[in-house]
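A short write-up of the structure that comes next.
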There are 2 protein chains.
Amino acid sequence: MPNTPRPPRRVTIPDVARHAGVGQATAARVLGGYGSSSAATRERVLAAAAELGYSTNAVARSMISGRTHTLGVVVADVENAYFARAVRGVTDVAAKAGLQVVLANSDEKGDTEKSAVQMFIERRVDGLVVAPAAADHEHLDKAVAAGIPVVLLDRALSGATLDTVVVDNRGAAEAAVSRFTEAGHTRIAVVTSASPDENATQLAPGADIWTTTERLTGYRRALRAAGIPRGAELIRHTGYDRTWARSAVLELMSSPDRPTALFTTDNVATLGALDALLDLGARIPGDVSVIGFDDAEWATLVRPRLSVVSQPVQELGGLAADILVRRINGSTARPRRHTLRATYVSRESTGPVPERVRPLRFPGETDGPASTDVGGRDGTPADTPRHR
Amino acid sequence: MPNTPRPPRRVTIPDVARHAGVGQATAARVLGGYGSSSAATRERVLAAAAELGYSTNAVARSMISGRTHTLGVVVADVENAYFARAVRGVTDVAAKAGLQVVLANSDEKGDTEKSAVQMFIERRVDGLVVAPAAADHEHLDKAVAAGIPVVLLDRALSGATLDTVVVDNRGAAEAAVSRFTEAGHTRIAVVTSASPDENATQLAPGADIWTTTERLTGYRRALRAAGIPRGAELIRHTGYDRTWARSAVLELMSSPDRPTALFTTDNVATLGALDALLDLGARIPGDVSVIGFDDAEWATLVRPRLSVVSQPVQELGGLAADILVRRINGSTARPRRHTLRATYVSRESTGPVPERVRPLRFPGETDGPASTDVGGRDGTPADTPRHR
DNA sequence: GTGCGGTTTGATAACGTTACCAACGAGCCA
DNA sequence: TGGCTCGTTGGTAACGTTATCAAACCGCAC
């Protein structure tokens with residue numbers, strides 16, 4: 001690194017002590033708020049400190065105390081509303097406990113996550129919240145071995161004995177899809193943002209994003225419970241891009257026996273799916289019933305308002321931070337999984353099976369990875385937000 | 001703090017040195033990657049380090065180097081999509097420069113911001129990005145005096161000689177509203193999320209959120225340029241809550257000479273306004289033309305797609321981080337304001353002045369701070385996101 | 001065998017705080 | 001007066017790294 005000038009020398013405890021005419025240790029006790037000191041000296045020291053403009057050096061303090069009063073947080077992407085909320089939840093609880101939060105984005109890349117965790121270990125954070133993207137947990141175990149408690153957020157990791165804070169993804173998905181089956185739907189499609197690992201039935205957590213797998217399992221269960229045969233499963237895996245989900249839905253809806261109900265397992269998929277349905281002029285729920293995962297701020301903006309599975313995202317983050325605070329304070333309870341409830345929020349996007357299949361207005365092209373402009377709009381967002 | 005056990009002792013350089021049979025200084029040079037050392041000893045030390053599981057103590061390093069490789073970021077609320085994006089922009093550039101980001105939310109409270117900045121000073125962050133909520137800048141000057149460069153994000157602060165990264169709010173707002181006037185609109189309303197400081201014409205930055213004031217000024221200019229009299233200004237200040245904006249729009253639209261065009265100066269206002277218009281069954285742009293500020297992910301989801309003023313939010317954050325990196329590396333350039341361009345994105349929510357005033361379907365109540373349920377929906381989001 | 005550049009090496013002193021401990025004085029009781 | 005306790009005080013040793021500097025070493029020319 002060329003030319004990195006050191007910051008200017010700052011006022012230290014010895015300076016204040018000299019100026020106050022007391023010993024270093026005394027000044028240190030007053031300024032550090034520990035030990036005992038007489039009211040008189042306390043006043044003298046404080047006055048000297050104010051006069052000189054002293055401010056504690058937290059680095060030096062951390063050096064000796066071994067505590068940095070810092071939490072490391074690794075999420076896929078703060079820009080994603082889900083993680084933003086979770087981070088907020090962590091930050092609020094952390095702040096109350098006098099901890100600050102260092103943020104790192106993994107972009108779903110295991111290597112990025114690992115190097116972030118490594119940095120956090122070196123920085124001696126007091127605790128770590130991770131929404132794991134990496135399939136293994138060696139790096140996390142290393143952190144634990146180094147005395148840093150780790151809490152997994154949003155996703156579990158098989159084989160790891162770590163505190164984990166998740167929602168009942170499987171149950172929530174099953175409950176949601178059951179609404180469809182109870183209303184008589186049999187052609188129920190699901191659109192999910194994940195890599196297309198088709199044999200995810202195996203439920204190999206860590207092999208893919210855990211939540212997705214769980215939600216798919218819930219979907220499958222609901223179908224099975226309704227006596228719908230395996231062959232009737234309509235699953236579309238799309239990448240972490242809204243336009244992919246859009247294409248997937250356009251393709252699904254162009255089928256002669258198109259689905260009458262649609263379940264999307266994350267924000268991005270929901271966004272793309274709705275985009276497609278609206279362009280097709282599909283009536284919701286007249287032509288298709290829709291349930292999305294996660295209660296985005298726009299879920300109540302679209303008409304009809306979207307029925308969703310709502311997660312207590314902020315609480316999830318808060319709980320994670322809470323567990324860390326407890327562990328930092330010495331709790332040695334056995335790590336366990338905390339499963340919060342995700343609730344189904346009924347709005348207006350679900351209804352009975354349509355009596356007949358109404359033709360939709362298809363634009364020129366109907367499928368393929370690249371979406372075609374439907375015309376009329378000359379502005380599209382420059383950046384497409386990532387998954388969930 | 002009761003019962004806060006210290007973390008376990010970790011492997012240090014002396015440990016590695018002993019194990020490798022070399023002097024501390026030598027081991028330190030190898031592990032720290034500075035000074036010179038023979039290939040043989042380097043190998044020995046590295047092997048010993050690996051064997052013992054040594055990892056650098058960044059705190060100790062910071063202690064002596066005076067650098068923490070950390071950036072402090074204070075925004076109003078990460079949960080807000082705008083700030084989330086900005087933070088992402090900061091984080092990305094910071095990461096490339098080997099810096100980590102510590103996050104703090106001010107919730108638009110000056111005191112919260114100040115204590116966060118104070119903590120950052122004590123922690124000896126290398127730089128500070130602040131979206132100021134406090135009207136004064138004493139605390140920021142203190143940071144600068146302590147050798148910590150500060151960059152203001154999103155909002156300027158009068159009288160502060162600090163690097164500032166903003167968009168041309170006034171110009172962008174004026175350009176947007178001009179679309180309305182050019183199309184012949186004369187009854188143009190603006191809904192803004194800010195405290196109702198009516199004489200904001202004075203342009204006292206810091207007295208309120210700067211961006212809002214600027215955008216209102218742009219609105220006023222556009223009206224004036226079109227020869228629309230002062231008295232025809234239709235400004236509604238609402239709190240940082242979507243339902244407030246909704247009520248404001250319901251009230252606006254219930255007027256006999258209701259507006260034919262609507263400009264919202266932030267995300268939350270846009271969300272509330274659209275909610276109201278949709279409930280009223282208002283045709284967009286048939287009955288009202290709408291332009292919003294900030295290109296939210298749902299702007300292209302609603303039909304018609306929403307025309308907006310789009311800010312390069314991520315670049316804003318990136319630029320802020322970039323400036324900091326430069327200053328950390330010794331740049332002493334005079335602090336200046338960097339104004340990025342916000343662009344108008346034309347979609348389908350704007351049109352000509354309607355020929356006649358079509359009656360709207362009003363629900364029972366039309367105004368008042370508390371919004372009434374329009375019925376039919378049994379689920380509303382538990383949390384209403386905050387401003388912008 | 002001696003002298004001389006250069007690299008490599010290792011003691012030791014920072015950095016600014018807290019932890020530890022011995023010393024001091026006041027107050028009290030025997 | 002001696003002895004004890006207790007609040008207060010200040011010197012000094014940590015913490016784990018980097019910075020400094022002198023000593024040791026090497027090869028090579030004289």
Side-chain angles (χ1 to χ4, degrees), chain A residues 1 4-46 48-49 52-69 121-124 146-147, chain B residues 1 4-46 48-49 52-69 121-124 146-147:
Chain A
M1 275 183 253
T4 52
R6 297 255 203 97
R9 202 187 111 67
R10 305 226 272 235
V11 182
T12 67
I13 288 186
D15 296 332
V16 175
R18 243 190 316 277
H19 196 253
V22 299
Q24 290 190 29
T26 305
R29 270 191 299 267
V30 173
L31 297 171
Y34 60 94
S36 70
S37 50
S38 71
T41 46
R42 192 156 38 238
E43 204 169 325
R44 282 244 303 286
V45 171
L46 254 28
L52 265 47
Y54 170 83
S55 99
T56 305
N57 185 332
V59 177
R61 180 175 287 176
S62 293
M63 172 88 205
I64 124 102
S65 72
R67 306 248 77 105
T68 54
H69 298 281
I121 295 177
E122 292 179 0
R123 275 160 186 261
R124 304 295 192 258
Chain B
M1 276 182 254
T4 51
R6 298 255 203 98
R9 207 189 106 70
R10 305 228 271 236
V11 182
T12 67
I13 288 187
D15 295 333
V16 175
R18 243 189 318 276
H19 196 255
V22 301
Q24 289 191 29
T26 306
R29 270 190 298 267
V30 173
L31 296 172
Y34 60 93
S36 68
S37 51
S38 70
T41 47
R42 191 155 41 237
E43 204 168 324
R44 282 242 305 284
V45 172
L46 255 26
L52 264 49
Y54 169 84
S55 99
T56 306
N57 185 331
V59 177
R61 182 175 285 177
S62 293
M63 172 88 204
I64 123 101
S65 72
R67 304 250 78 106
T68 54
H69 298 282
I121 294 177
E122 292 178 1
R123 278 162 182 257
R124 305 295 194 256

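Lettering follows sequence order; numbering is per chain, from 1.
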Atom-pair distance (CD on B:Glu122; P on C:dT17), nearest Å: 11 Å
At 4.0 Å (heavy atoms only), tell me whether B:Ser62 reaches a base, stays on the sugar-phosphate, or touches nothing. nothing
Judged by nearest nucleotide, the residue sitting upstream toward the 5' end of DNA chain C, B:Thr26 or B:Arg124, is B:Thr26
Would you kindly give the CZ-to-P distance between A:Arg44 and D:dT8, to the nearest whole Å? 15 Å
Within the 4.0 Å heavy-atom criterion, would you say B:Ser36 contacts the bases, only the backbone, or no part of the nucleic acid? base
Is any side-chain heavy atom of B:Val16 closer than 4.5 Å to one of B:Val45? yes
State whether the distance check finds a donor on one side and an acceptor on the other, under 3.5 Å, for side chain A:Arg29 versus base D:dG10. yes
When the distance from CD of A:Gln24 to P of C:dC15 is rounded to whole Å, what number comes out? 11 Å
Specify the separation, in whole Å, of atom CG of B:Leu31 and atom P of C:dT9. 13 Å
Would you call B:Asn57 and B:Thr12 a side-chain contact if the rule is heavy atoms closer than 4.5 Å? no
A:Thr41 side-chain N/O to D:dT9 phosphate OP1/OP2 under 4.0 Å: yes
Take atom CD of A:Glu43 and atom P of D:dT8, then tell me their distance rounded to the nearest Å. 15 Å
Could you check how far CZ of B:Arg42 sits from P of C:dT7, rounded to whole Å? 14 Å
Interatomic distance, A:Met63 CE vs D:dT17 P [rounded to whole Å]: 7 Å
Please report, rounded to the nearest Å, how far the P atom of D:dT17 is from the CG atom of B:Asp15. 9 Å
Does B:Tyr34 put a side-chain nitrogen or oxygen below 4.0 Å from OP1 or OP2 of D:dT18? yes
Taking atom types as modelled, is there a side-chain donor on A:Ser37 or A:Arg42 under 3.5 Å from an acceptor on the other? yes
Considering every strand and a 4.0 Å limit on heavy-atom distances, what is the contact class for A:Ser37: base, sugar-phosphate, or nothing? sugar-phosphate
Check whether A:Arg124 reaches the backbone of A:Met63 with its side chain - one donor and one acceptor, N or O, closer than 3.5 Å. no
What's B:Val22 touching, base or sugar-phosphate or nothing? Going by heavy atoms closer than 4.0 Å. sugar-phosphate
